[in-house]
There are 2 protein chains.
Amino acid sequence: MGYRRIGIIIILQFLLIIGAWDSFSQQNLAEKLGYPRNSKMLIIHADDLGVSHSENMASFEAIENGFVNSASVMMPTPWVLEAVEYVKKNPSTHDFGLHLVLTSEWKNYRWGPVSSINEVPSLINKHGYFHNACSPSVKPEDVEQELRAQIDRAYAMGLNPTHLDSHMGCVFFISTEVLEVYLSMGQQYNLPVLVGSRIPKALIIKYDVKVIVDEILGMSEDEYNNGPSAYYVNALKSLKPGLSTILIHPAYNNEEMKGMTVDHPDWGSEWRQKDFDFFMSDTCKKLLEEEKIVLVTWREIKEALYD
Amino acid sequence: MGYRRIGIIIILQFLLIIGAWDSFSQQNLAEKLGYPRNSKMLIIHADDLGVSHSENMASFEAIENGFVNSASVMMPTPWVLEAVEYVKKNPSTHDFGLHLVLTSEWKNYRWGPVSSINEVPSLINKHGYFHNACSPSVKPEDVEQELRAQIDRAYAMGLNPTHLDSHMGCVFFISTEVLEVYLSMGQQYNLPVLVGSRIPKALIIKYDVKVIVDEILGMSEDEYNNGPSAYYVNALKSLKPGLSTILIHPAYNNEEMKGMTVDHPDWGSEWRQKDFDFFMSDTCKKLLEEEKIVLVTWREIKEALYD
């Protein structure tokens, strides 16, 4: 092969890369969705559907009568069928994606993989539950087996997910190999995946990620301690043009949630009630209007860029 | 081998059988436990520990401050660790046995086997949960694998079960082979198993069952509809000498239980609250005294006959 031919191939590859870059460029996303170019687009996202009856009920209420317009379901959880039945009975313009799960983090209330536990040994503890935190010891092949099983289970139950995301963000923290498994699921199932702007560009190209969320917002422990409402008010007031998402966990602060989140006030029962309260409130409504925030969904993004 | 020798063997076998019969004879159970010969012995038994936070909390309360003196834990359920932690933190003279599980019977709230699901294919539905009723299609070898896994899991979690019984009585309804698996678990782990007087005597001998419960009481749908309190009052007033157990399901009638038992009023949320109410009541206390009912536990039986 001569130098000239190699040179042409390099140029072609460069153009391909440029083309790929253009395809995931965020500049035109608002226009592609039919909004003005510099819109402040926001997905208000309820994580953790399926985790408890309380979480399900509060999330359904916040979707129907509040400002949550997107949610994702945890397939391995005890109450997942309640969430799936709700989605099937209530055709919605809102999102119902999959909150892919690699952990079982509550003290006395646990779940394990959708896969046979003997097929994913690195994902489980000695009692067959998922580990209680994002574990560095999980093997990418076990993660792939399990994430695929969760997605296949969703389709088998009649749920057509609008997007994929990651419970506790584990897929971003463990290893590049695990992150690649996550991205490859989006590619293989032709679904948008939640990724932020820190993701390596080479992976965006490799897995044909079509949308990056410019800003992923979520309340920290300190911000919660300083007042959840203040955090959310500031988040909405500071929202920048582009695509943002705010990850919340609405639930009712009742006996079930207090039991589930025992000894864990962070993302605990009161915290989740506060999430619910704010995204049901007139304060939230007023801010969304005043700040000219455009609520968008993964469903719209999927229809515009994936289908 | 001569006829004489065969004759001796037959006589020896007959004596062994007679000996076995004597060992499970109920006539002396009261005396063996230190009570008068014709005592009305009663085990007031809370089924279903682990099934929900509500069920756990109400059962703990009914054990501590009511008249429940025996309970059993469902190892495959989401809240089992809460029950196990309670038992470990609260050394008790009461019972904590295992409520061996082959079903996942609630509409929107499900669980599956403790075993790898690919090891027990006949026990699960297409989504990997247990069937929603005692299924005639389960294979004895899968039942054996799973019951053993549940018992081993209990010991691995630090629970030393006082007895074994069967959720929804499935082991009694499916086949003799499944019943034999259940009885063999008692024999292998040297634990009392709940069996009633209808059990074939050949199996009692074969599996060395040392105690038969003369009367197993539990409220039916009709009896519930005629008034739970009336049923329980009558049950206590009609109690016969010998060993009886009354199987109840205490829980608080709250949002979690309403969600769990949705579309299923029988053994539903209100039903379980009524169970709790009666076995916390002064009516119950008075009747136990008036009728000279002796509350006994599987723990006492185990210590007297198994250890």
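So that the names make sense, note that chain A is the first sequence line, chain B the second, and so on, each numbered from 1.
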For a 4.5 angstrom cut-off between non-hydrogen side-chain atoms, does [X] reach [Y]?
| X | Y | result |
| --- | --- | --- |
| B:Met57 | A:Glu255 | no |
| B:Asn108 | A:Tyr86 | no |
| B:Met260 | A:His53 | no |

Segment of A:Val262 engaging chain B (4.5 angstrom heavy-atom cut-off): neither
Atom group of A:Glu256 that falls short of 4.5 Å from chain B, counting heavy atoms: both
Assess whether atom [atom1] of [X] is packed by more than 12 heavy atoms of other residues, nucleotides or ligands within 6.0 Å.
| X | atom1 | answer |
| --- | --- | --- |
| A:Asn65 | CG | yes |
| B:Glu180 | CD | yes |
| B:Glu61 | CD | yes |
| A:Lys285 | NZ | no |

Atom pair OH/OG1 of A:Tyr109 and B:Thr77 - distance to nearest 0.5 Å: 10.5 Å
Contact class of [X] relative to chain A, heavy atoms under 4.5 angstrom:
| X | value |
| --- | --- |
| B:Val84 | neither |
| B:Met157 | both |
| B:Met257 | neither |
| B:Trp111 | neither |
| B:Lys107 | both |
| B:Tyr252 | neither |

Under 3.5 Å donor-acceptor, B:Arg110 side chain and A:Leu81 backbone: no
Residue selection (most heavy-atom pairs with chain B, distance under 4.5 Å) from A:Ser52, A:Gly112, A:Pro78, A:Gly50: A:Pro78
Residues B:Asn118 and A:Asn118: side-chain donor-acceptor under 3.5 angstrom: yes
